[in-house]
Amino acid sequence: MSITTRFAPSPTGYLHIGGARTALFSWLLAKSKGGRFLLRVEDTDRERSTKEATDAIIQAMAWLDLAAEGTAVFQSDRFDIYNSYIDKLLAAGHAYWCSCTPEEVEAMREKARAQGKKPKYDGHCRELGLGPGEGRVVRFKGPQDGVTAFHDMVKGPTAVQNAEMDDMILRRGDGTPTYNLAVVVDDHEMGVTHVLRGDDHVANTPRQILLYQAFGWDVPNFGHVPMILGPDKAKLSKRHGALSVMEYKNMGYLPEALVNYLARLGWSCGDQEIFSREELVKLFSTGNLGSSPSVFDMKKLDWLNAHYIKESAPERLAALLPEFIGDQDGLKLDPAYLASIVPLLQPRAKTLVEMAEMARFFLVPAEALAYDEKAVTAQLTPDSKALLAELLPMYETAADYADHKALEAATQAFLDERGLKFKAVAQPLRVALTGKTASPGLFETMSVLGKPEALKRIRRALAL
RNA sequence: GUCCCCAUCGUCUAGCCUGGUCCAGGACGACGGCCUUUCACGCCGUUAACAGGGGUUCAAAUCCCCUUGGGGACGCCA
């Protein structure tokens, strides 16, 4: 039996971390069973939905490589379909017209609240047999007793008293359909068999099941994944920092790192931490989804990102790097050169932003190299400069800069002759070449810089 | 207020369904060490948890109840 899942965001903003995770889980659920994954844009609220948000969501999903099958379904294109289904419900006696105004309904809720009861619409028009009319809404005529039960893929058996639910609106006063109606119609028409969504939808599920039953349709499987919390254990929000998936891209995270991180947030497979896309597809199962909320931990994301940076092909990273380098004036940015730098930075950078910063001294010409003042005073002393000056001729004659080991051996031989320790030159030479006291390996750096550039830098340092 | 959900190291989690192999395992972090030309990487080690209380049982992180704490839902939003 083939399964179908879907991700159904409402385009009122960018794709946030929580949405991305549900999308990922839905995608994985489909792929792990060889099923289909669909995308539906829930834009029935015409005021809050925007084209920009829709594009941003699709772009973010593309970055995460969560491809949906076929073209996305837009609910705003389908109002006629929803209305025809509402008519069916009306005809079958599962729905009724209601003339109560929002103010009247609010008063009913207040009254119920005051009595310590659950705020609900009181069913005023339920048996009035009203017909259509200006501003009237259509409500679902739900059962007033009994229970609606379902087996949640993550929470297990779940049941709600029907008396807890009021007669939800299916069609608004302006003729547009509401969320619960549209979702049920679409999930049915799209053949969705498994619905994985955020925890905040649990309360909607029994209502939707009632609708499925009223229509006489098969009820899909539901699963509700707990939400993601900020470090203070409150619901993750803007004040916790980046929420948008694309902000993570801009902060220099690799999509596979985010995917791996998100997959492990609320899901597990024994002790395994690192998962390739293929492994995720192979190993994913809703049975291993956790049922308690989890805190988003940037440090662990950093660790995963560092891991994937180390694993990446230098050429790929080199191609991504330029967009993280601000003020590119006069910088040497050709792809081959960048690709030669990247391997020296891969073990050191946690993000591409960091990598771009670390790469900077490689990219500026010797004349423009910024020397750290403290480093210069501490390392480029008269003594160490004298030693560098002695070394210079050797580096001028050394032919093979491509082989950093040869450079190192030559330097070592020079030092041995004089009975000097490596430490005597290491830091001064490093400052001369990089302007800083911390850098990748000296001779690898020298080798990547190339002979003319390296010599220019040493000469410039001697003149400081 | 009403209804629903959740609860293992600071964090992500394994274990819970099918009690004993768990004085609770892994990972991130933090701390310490090793390596070393710097910074990293890597490697080694330390730290640290079954929310509390009652049961059931020969035996409970695991099953039941209560308490506490946290969260969510209650819209002509999705």
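Please read all numbers here as calculations on a predicted model, not as lab measurements. Lettering follows sequence order; numbering is per chain, from 1.
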Nucleotide nearest R139(A) (side chain, heavy atoms from C-beta), chosen from C76(B), U37(B), G26(B) =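 The nucleotide sitting nearest to the side chain is C76(B).
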ask   = With respect to the side chain of H201(A), which nucleotide from A78(B), U37(B), G72(B) is positioned closest?
value =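 From the listed options, A78(B) comes nearest.
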For [X], answer base if it contacts any base atom (sugar-phosphate contacts may also be present), sugar-phosphate if it contacts only those atoms, and nothing otherwise; contact means non-hydrogen atoms under 4.0 Å.
X: H224(A); value: nothing
X: K421(A); value: nothing
X: M358(A); value: nothing

Nearest-angstrom distance from the residue atom [atom1] of [X] to [atom2] of [N]:
X: N204(A); N: C76(B); atom1: CG; atom2: P; result: 12 Å
X: K155(A); N: C17(B); atom1: NZ; atom2: P; result: 20 Å
X: K350(A); N: G29(B); atom1: NZ; atom2: P; result: 9 Å
X: D271(A); N: G26(B); atom1: CG; atom2: P; result: 8 Å
X: R109(A); N: G1(B); atom1: CZ; atom2: C1'; result: 15 Å
X: M446(A); N: U37(B); atom1: CE; atom2: P; result: 17 Å
X: N305(A); N: C41(B); atom1: CG; atom2: C1'; result: 15 Å
X: E164(A); N: G72(B); atom1: CD; atom2: C1'; result: 15 Å

message = With the six-membered base ring of C28(B) as reference, does the ring of W303(A) sit under 5.5 Å away with planes under 30° apart?
response =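 Base of C28(B): not stacked against W303(A).
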key: Among F284(A), Y308(A), W267(A), ring-ring contact (aromatic ring centres under 6.0 Å, His included) partner for F275(A)   =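 Among F284(A), Y308(A), W267(A), the one meeting ring-ring contact (aromatic ring centres under 6.0 Å, His included) with F275(A) is W267(A).
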query = Checking side chain to side chain donor-acceptor pair (under 3.5 Å) for the pair T445(A)/R430(A): CA distance, chi angles, key distance, verdict?
reply = CA-CA 9 Å; T445(A) 300; R430(A) 185 182 315 280; 5.9 Å; no
task = Give the C-alpha distance, both sets of side-chain angles, the deciding distance and a yes or no for salt bridge (Lys or Arg N to Asp or Glu O under 4.0 Å) between R277(A) and E256(A).
result = CA-CA 8 Å; R277(A) 184 62 74 110; E256(A) 63 268 41; over 6 Å; no
query = Would you say the side chains of R48(A) and S10(A) form a donor-acceptor pair under 3.5 Å?
reply =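 Distance-only check fails for R48(A) and S10(A).
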message = I'd like to know if E273(A) reaches the base of G26(B) with its side chain, counting only an N/O donor and acceptor under 3.5 Å.
response =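 Counting by modelled atom types and ignoring angles, a donor-acceptor contact under 3.5 Å is found here.
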key: 4.5 Å side-chain heavy-atom contact, T178(A) and T44(A)   =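 Not touching, per the 4.5 Å side-chain cut-off.
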